[in-house]
Amino acid sequence: MAALDLSQFLSSSFKADTFLQTTLATQPESAVRDYLRALSQAKSAAAGDLQKNVHKNYAEFVAISKEISSLEGDFLALRSLLNELSAVNAVFRTADPTAVLERKDDVTPISPNLPDFALGSLGAENGAAADGSIDVGGGGTTTSKEVLQEFYESIDGLQKTIPLSRGHFVAFDGSKRKFFEVHPSTYRHRQAVQLHLLGDTVLVTVKKKNLMSGRSRMVLEKWMRVADMAAIDMKDSVDVTNAFKIMCHPDMFIFRSERAEDKRAFLSTLKRLTESSQLQKRRQRDEADEYSQTEALNCATSMPAAASPQDGDVEGPSISKEKAKEEISPSEKKWLSDLPFELDILIAHRQFDDAIGDLERSKPLLGKLQDSGQSLRAAVEARAQKLAHIVCSELVNPMSSKFQIQSNIERLLKLGLAVEAREIFLQSRTEIIRYKIRLLHFNGDIATYVNSLSIVVFRLIRNTCDWYSISFKEPSMASGFLRWVRTEIENYGDIVRRQVFESRQPFAVIADCLDSSMNHCAQLRQVGLDLTFVLEQLFHRDVVAAIEDYRARAKLNIVRFIKEDTFVFVKDVGLKEPASEDDHFDFGSATTTSVYQFYNLLMEFGADMGLLVSISLYAKIIWCLTDFFSTFVSTVLEVISGSSTNRQGFAMLSNCRFIVEKMMPRVAQHLAVRFERSIPELDEQGKRLAAAIDTTLEQALVSKIGAHILSRVYSLHVLDFSSSAAILDQANPTDNMIVLLGELDRMLSDAADFPSVRARRMVSDVILQLFSTMLLDTSWETERGERRFGFCGVQQLVLDVHFFLRVAGAFVNPVANAKANAVCERALKVYFGQNPGVKEKMKSGDWYEQRVKAAQAAYGRNWPFLQSTSKNFS
């Protein structure tokens with residue numbers, strides 16, 4: 001394997017799965033372990049370099065942090081100046097000099113006409129009535145003025161700094177709450193303070209003791225305008241809790257409360273007060289703009305007709321009025337012109353919902369603009385794209401909570417990016433699933449690994465379905481989600497395929513993996529998805545391939561069982577214990593080792609397939625079983641011709657009949673219970689195999705026995721019947737005939753131990769083969785021409801045939817009997833044809849009968865199975 005190249009991991013398009021498949025899939029285990037060791041070393045080196053960089057750049061980090069803090073203060077100062085400039089412009093537009101004086105005196109920072117809803121919300125949030133928060137606006141009461149006067153008297157220096165005047169109100173009274181000023185660096189308490197909100201001013205008071213009177217009073221230590229400052233909430237940490245930061249250029253203060261409720265109350269009140277102040281100022285500017293536009297329009301309409309550029313254009317002013325009504329108002333134009341800047345601020349402050357609200361409001365207004373609004377449309381569109389990009393980045397964040405994800409999706413939907421939101425959301429979920437899969441540890445147990453894998457994948461798919469259904473309610477969006485679900489299930493199937501099927505795991509492991517997959521996939525039904533059929537389709541081909549591989553290995557074992565069998569009777573050798581009493585099988589006594597091994601193979605196949613039994617695998621399982629039985633019979637057919645003894649041949653024939661007539665129906669019975677239906681395929685195959693045993697297999701054994709007899713025991717090619725001497729009166733059958741009858745008796749003796757072997761028919765077939773072969777023309781010819789028969793020889797042949805028919809007559813069928821007589825007749829014809837002038841008389845029939853009885857009496861006891869007709873040969 002090539003050396004580790006870290007540059008490929010830096011690519012933005014790097015995909016771990018693709019890298020593993022292309023680089024490590026074909027490598028041996030040792031190379032993979034070396035690569036893992038190199039990756040671990042590279043990881044440790046990178047961690048060390050990162051730590052060194054942190055220590056090296058720490059001083060620069062501190063300096064930059066200070067510069068950022070200073071820059072924040074500068075921005076706050078700039079915002080304060082911009083607010084003042086905006087207020088001055090508004091005053092000049094309204095031509096109200098008193099407003100300038102009020103702003104200059106800095107006595108009334110917030111308009112006395114502050115909206116009632118702002119005061120009400122502040123009071124409700126902070127318990128204004130309980131804390132003494134009051135309003136001394138135009139609708140105030142004498143009691144309210146007295147309470148405000150009392151508030152001023154309770155704080156030394158307040159009257160001198162901020163004189164009591166109309167419009168002041170206490171928005172937040174912190175006299176009953178505990179606040180502390182905290183050191184910015186050490187977070188230690190500097191002093192206990194009280195925080196108040198007086199109109200648009202934040203008051204910070206501390207308790208000090210009068211040296212003269214000895215009494216303690218609250219003294220105003222510092223105050224800040226709301227417009228000139230910024231309040232930033234701080235997250236809780238080990239060093240400080242319930243803290244917030246107030247920045248007023250060039251100063252920065254940190255305060256903390258004893259209770260979290262006090263901090264929330266102060267910050268929420270400050271925020272609402274700021275928003276109410278900004279809203280009031282915006283309304284004043286809008287009113288000023290409307291007033292200016294109205295004055296300009298009135299001046300235009302009051303112009304005399306003579307001032308018109310054309311005498312015929314008398315209706316110009318009226319037309320201008322209608323056009324002005326159709327166009328947007330000046331305040332709306334002003335709002336649109338400020339919209340890009342406002343959007344930049346909202347996006348920078350991450351107030352995405354407010355920004356989207358402004359964009360939705362601007363759509364109809366931008367549609368009313370003429371060609372002159374193209375640049376404004378482009379600016380707003382650029383902000384919308386920037387906002388969409390930020391929201392999409394938030395949506396991809398794997399650390400986002402369910403609420404954050406749903407909020408971001410809702411924002412994209414409002415921006416008209418439903419398809420993009422769906423694709424980004426589903427892609428992020430895909431990445432999460434891949435990440436969770438990579439976290440799984442494989443300890444060598446494939447079933448446990450697949451179970452954990454299915455838990456991770458299907459639980460995340462179910463959660464994704466819950467979130468998706470809440471966020472995307474349009475029916476048209478459902479198809480895209482289903483495609484995603486199928487893709488994830490297919491990816492899960494690829495992983496299981498590599499781990500389970502490609503590694504050729506046992507069927508017990510395959511069944512466990514498939515069972516856990518189906519069970520966890522069924523959990524999707526809780527969210528309305530039943531996709532177990534998808535898994536069945538994915539794994540069907542793999543399961544069939546596994547069964548096919550099992551079948552091929554089983555066939556090789558069957559062939560090995562038969563070829564290694566000695567075909568000697570054994571009893572329950574290596575027989576596996578049945579799973580239940582119903583599985584017990586009686587083999588009898590005429591059974592050899594290959595049958596027991598074949599039975600064990602069927603038991604294993606049944607146990608393995610029992611874990612996977614389904615109607616979709618019915619055809620494959622049945623085909624495998626029929627192939628097993630066919631392989632057994634066909635292999636026996638190949639081996640039987642090479643068997644050394646007749647007894648081995650009968651054992652092979654008996655084994656085949658046993659498995660077809662006894663085992664096969666038993667297997668069909670078990671399968672009928674499993675599949676809840678009859679198994680006609682096995683019944684038909686059993687009939688075909690039984691017919692093959694009766695014909696092909698049995699005839700092969702008969703041919704083998706007959707060929708042995710004809711080649712070594714009794715053959716016209718071997719025997720010499722050319723003697724011309726006179727035959728003796730006490731002549732007996734030839735020794736070859738005695739041996740032939742002994743072979744047939746031994747054949748019957750061997751077959752007696754195999755009840756299923758049809759010995760009578762087989763002996764009859766051997767006898768028929770013997771005489772059929774003797775009638776062939778090749779049996780009556782020699783290398784020198786026609787076979788010679790002498791006077792003694794031809795009568796000896798006739799004696800042998802008659803003796804054979806008498807002894808083995810019970811096994812000679814009419815066809816064989818006719819062929820035997822034909823052999824005698826042909827031999828006599830050949831003899832008389834070769835000796836036309838012979839004058840000696842042939843022996844009579846009585847002589848043959850006498851000699852047959854004498855020989856039968858002499859040799860009959862040697863052939864008990866041929867002589868006894870009480871033997872039950874089928």
Side-chain angles (χ1 to χ4, degrees), residues 641 646 649 698-724 727 731-748 759-835 842-843 845 847-849 851-852 855-856 859 863 865-866:
S641 58
N646 294 341
E698 195 172 87
Q699 287 302 316
L701 183 58
V702 168
S703 299
K704 180 257 179 187
I705 296 174
H708 171 72
I709 291 175
L710 289 172
S711 62
R712 298 186 180 184
V713 180
Y714 198 91
S715 175
L716 293 180
H717 288 288
V718 178
L719 299 176
D720 184 11
F721 294 102
S722 61
S723 175
S724 300
I727 189 171
N732 289 316
T734 62
D735 294 338
N736 298 83
M737 179 56 66
I738 301 299
V739 174
L740 171 62
L741 291 173
E743 287 288 337
L744 294 179
D745 187 78
R746 192 179 304 108
M747 179 180 175
L748 290 174
R760 177 182 294 277
R761 178 176 174 177
M762 293 183 65
V763 172
S764 297
D765 291 342
V766 170
I767 294 173
L768 178 61
Q769 180 183 354
L770 173 65
F771 288 112
S772 297
T773 304
M774 293 175 66
L775 284 176
L776 295 176
D777 293 338
T778 55
S779 299
W780 301 85
E781 296 178 356
T782 63
E783 296 178 355
R784 293 175 293 179
E786 188 178 26
R787 180 172 295 282
R788 302 290 300 176
F789 283 94
F791 180 76
C792 177
V794 68
Q795 293 184 84
Q796 186 66 50
L797 175 61
V798 173
L799 177 61
D800 285 350
V801 171
H802 278 69
F803 180 69
F804 181 85
L805 294 178
R806 174 65 60 84
V807 175
F811 301 93
V812 179
N813 56 38
V815 178
N817 188 73
K819 288 182 178 291
N821 292 330
V823 169
C824 295
E825 292 176 0
R826 186 171 181 175
L828 291 173
K829 287 181 180 180
V830 171
Y831 168 74
F832 285 115
Q834 294 174 352
N835 304 282
M842 295 290 181
K843 295 293 184 181
W847 182 84
Y848 285 108
E849 182 68 21
R851 295 317 306 158
V852 166
Q856 187 175 8
Y859 301 103
W863 311 310
F865 292 94
L866 284 174

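Worth knowing before you read on, the calculation uses all heavy atoms, side chains too, and leaves out hydrogens, waters and symmetry mates.
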When rounded to the nearest 0.5 angstrom, what distance separates [atom1] in [X] from [atom2] in [Y]?
X: Y859; Y: N732; atom1: OH; atom2: CG; value: 5.0 Å
X: Q769; Y: Q699; atom1: CD; atom2: CD; value: 8.5 Å
X: E781; Y: E786; atom1: CD; atom2: CD; value: 8.0 Å
X: Y831; Y: R788; atom1: OH; atom2: CZ; value: 10.0 Å
X: L828; Y: Q795; atom1: CG; atom2: CD; value: 8.5 Å
X: D745; Y: F811; atom1: CG; atom2: CZ; value: 8.5 Å

Would you check if the side chain of [X] reaches a backbone N or O of [Y] as a donor-acceptor pair within less than 3.5 Å?
X: Q796; Y: I727; value: no
X: R760; Y: A810; value: yes
X: W863; Y: R746; value: no

Practice task
Carefully, step by step, assess L799 and Y848 under the rule side chain to side chain contact (heavy atoms under 4.5 Å, CB included).
Solution key: CA-CA 6 Å; L799 177 61; Y848 285 108; 4.0 Å; yes
Closest non-hydrogen atom pair, [X] against [Y]:
X: N835; Y: F789; result: ND2-O, 3.6 Å
X: G790; Y: S724; result: CA-OG, 4.0 Å
X: L744; Y: I709; result: CD2-CD1, 4.1 Å
X: L768; Y: S772; result: O-OG, 2.6 Å
X: S779; Y: T773; result: OG-O, 2.8 Å
X: A816; Y: I767; result: CB-CG2, 4.1 Å

Practice task
Would you check, one step at a time, whether the test side chain to side chain contact (heavy atoms under 4.5 Å, CB included) holds for V702 with R761?
Solution key: CA-CA 10 Å; V702 168; R761 178 176 174 177; over 6 Å; no
Problem - No-hydrogen, no-angle side-chain donor-acceptor test under 3.5 Å, D800 and T734 - result: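 Yes, T734 and D800 have a side-chain donor paired with an acceptor closer than 3.5 Å.
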Handout entry: Qualifying residue for side chain to side chain contact (heavy atoms under 4.5 Å, CB included) with S764, from V812, V815, N813
Key = N813
So do the side chains of [X] and [Y] get within less than 4.5 Å of each other, counting heavy atoms only?
X: R787; Y: V830; value: no
X: N646; Y: K704; value: yes
X: E849; Y: H802; value: no

Practice task
Take the angle between the ring planes of F771 and F804 and call it parallel below 30°, perpendicular above 60°, tilted in between.
Solution key: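 F771 and F804: perpendicular rings.
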Practice task
For side chain to side chain contact (heavy atoms under 4.5 Å, CB included), just list the numbers for L805 and N821, CA-CA rounded to whole Å, side-chain angles, deciding distance to a tenth of an Å, and then say yes or no.
Solution key: CA-CA 10 Å; L805 294 178; N821 292 330; 4.2 Å; yes
Handout entry: Y714/V739 under side chain to side chain contact (heavy atoms under 4.5 Å, CB included): CA gap, chis, key distance, verdict
Key = CA-CA 8 Å; Y714 198 91; V739 174; over 6 Å; no
